[in-house]
Protein chains: 2
Amino acid sequence: MKDQLRAYLDGFLKLEGEAADEIDSKFYTKQYPRSSFLAVEGEITKEVHFLIKGCCRFFHKKNNRAITHWFSFENTFTTSLRSFTTQTPCEEYIQAIEECTVLSLKHQDLMRMYDKHKQWERLGRLVMEDFSRRMLDRVTALQNLTAKQRYIMLLQSEPRIIQRIPLNLVSSYLGISGETLSRVRSEIRI
Amino acid sequence: MKDQLRAYLDGFLKLEGEAADEIDSKFYTKQYPRSSFLAVEGEITKEVHFLIKGCCRFFHKKNNRAITHWFSFENTFTTSLRSFTTQTPCEEYIQAIEECTVLSLKHQDLMRMYDKHKQWERLGRLVMEDFSRRMLDRVTALQNLTAKQRYIMLLQSEPRIIQRIPLNLVSSYLGISGETLSRVRSEIRI
DNA sequence: AGCATTTTTTGATATATGTCAAAAAAATAT
DNA sequence: ATATTTTTTTGACATATATCAAAAAATGCT
């Protein structure tokens, strides 16, 4: 399981020596049952999770409705970014859509790793750069695209979202109603 | 001018010793006239600019239309993130809306600063974390908000965009037509 | 397997927003 | 200051999408 994390991190940077040992000593396994929460509004997020298996939905409440704004899958870090990085109360919820196996790391441990190892500091930068690029893509996808275009784009760029996530959550993520998504899909199937 | 950059960076981390000296030795001043381009599609972005004065618009072309997806103002780093961080051809344009004075830094110099100074590596991480948080806000603003809500939200969170940027560019940024923005504004003025 | 719950689809209707065109206003350059 | 260009506003109309309601289908649970 740690090997899966190592393989992911190797994509950014090969950790060596003591910096590499931190993976063994500081990450620990957790299990989240389907529908359970990895983060809830109001609590300060103390851990970042690396998703080994399963997928999650990120959402916030707006006028009593849940708006899904992100999904995470295997081999990604999953945490409430703002709450974790600034250690302020969380403004969103993270919920397991499938049962999740994660490797978790405490905020204070990560801070110590950043202090102690230049390699981890760099890893942190590279992971954040990668995240930023993906967020830029998401902005482009939300801006100036019709419902059908958004769906087609998602189908091409993130097919697993459509395969594994209930469509009413996908529609919220795309910023369209569930009914519209259903109609868009029926048009495309023809 | 360098003091303005130093003050900005101090907000993230106080640079000391040789790491601080890099500000004097590696950043250099440039001037971009109104309407000139800081980045164009197809070219690899070799510099990151710290905006001392002026503002810029980021846009990409889609079906012969320009879609504005970001604005930058004084005291922010301005560059094509994907092109600069991955050193691949740029997919967007960055254009000076007002005449811009910038402090520029070459990619290769930044990479050396990252290698040489742990402090710069950390600064890079913190700047990227900050950027990521702002992008998250932008996604929330684009998703599931009506034209009027988007405008009101922008008015509250980024009034200078409305004050200094032509409205037809603002409307593109909000993902709505210029006509709709004009109507939304007239409703609100009452 | 069968029951309860959730999700998806379909139809009818209301509404928000886009598009096109033209006038008005504002900004820019000479 | 004037002419030119750009930006904003306004009106008419078309269209995409939301909403509400109900049926159908799928899924999860014991």
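These numbers were taken from a predicted model, which means no experiment stands behind them. Numbered from 1 within each chain, the chains take letters A, B, ... in sequence-line order.
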Selection from [options] that lies nearest to any side-chain heavy atom of [X]:
X: R65(B); options: dT17(C), dT8(D), dC20(C); answer: dC20(C)
X: N168(A); options: dT8(C), dA21(C), dT17(C); answer: dT8(C)
X: L167(B); options: dT9(D), dT7(C), dA18(D); answer: dT9(D)

First of I165(B) and G175(A) reached from the 5' end of DNA chain D, by closest nucleotide: I165(B)

Pairing of K118(A) and E121(B) as salt bridge, 4.0 angstrom limit: yes

First encountered from the 5' end of DNA chain C, between R34(B) and K148(B): K148(B)

Of L169(A) and I176(B), the one whose closest DNA chain C nucleotide lies more 5': L169(A)

Distance below 4.0 Å between T180(A) side-chain N/O and dT17(D) OP1 or OP2: no

Whole angstrom value for the distance that separates [atom2] of [N] from [atom1] of [X]:
X: I97(B); N: dA27(C); atom1: CD1; atom2: P; answer: 15 Å
X: R164(A); N: dT7(C); atom1: CZ; atom2: P; answer: 17 Å
X: R57(A); N: dT6(C); atom1: CZ; atom2: P; answer: 13 Å
X: L174(B); N: dT8(D); atom1: CG; atom2: C1'; answer: 16 Å
X: R185(A); N: dT9(C); atom1: CZ; atom2: C1'; answer: 11 Å
X: I162(A); N: dT7(C); atom1: CD1; atom2: P; answer: 17 Å
X: E187(B); N: dT10(D); atom1: CD; atom2: P; answer: 12 Å
X: E179(B); N: dA22(C); atom1: CD; atom2: P; answer: 14 Å

Sugar-phosphate, base or nothing in reach of R183(A), heavy atoms under 4.0 Å: base

Sugar-phosphate, base or nothing in reach of L181(B), heavy atoms under 4.0 Å: nothing

Cation-pi, F73(B) ring and R164(B) (6.0 angstrom, 45 degrees): no

Backbone of A19(A) reached by a side-chain donor or acceptor of W120(A) within 3.5 Å: yes

Under 3.5 Å: donor-acceptor pair, side chain of R125(A), backbone of G124(B): no

Aromatic ring proximity F50(B)/F27(B), centre distance under 6.0 Å: no

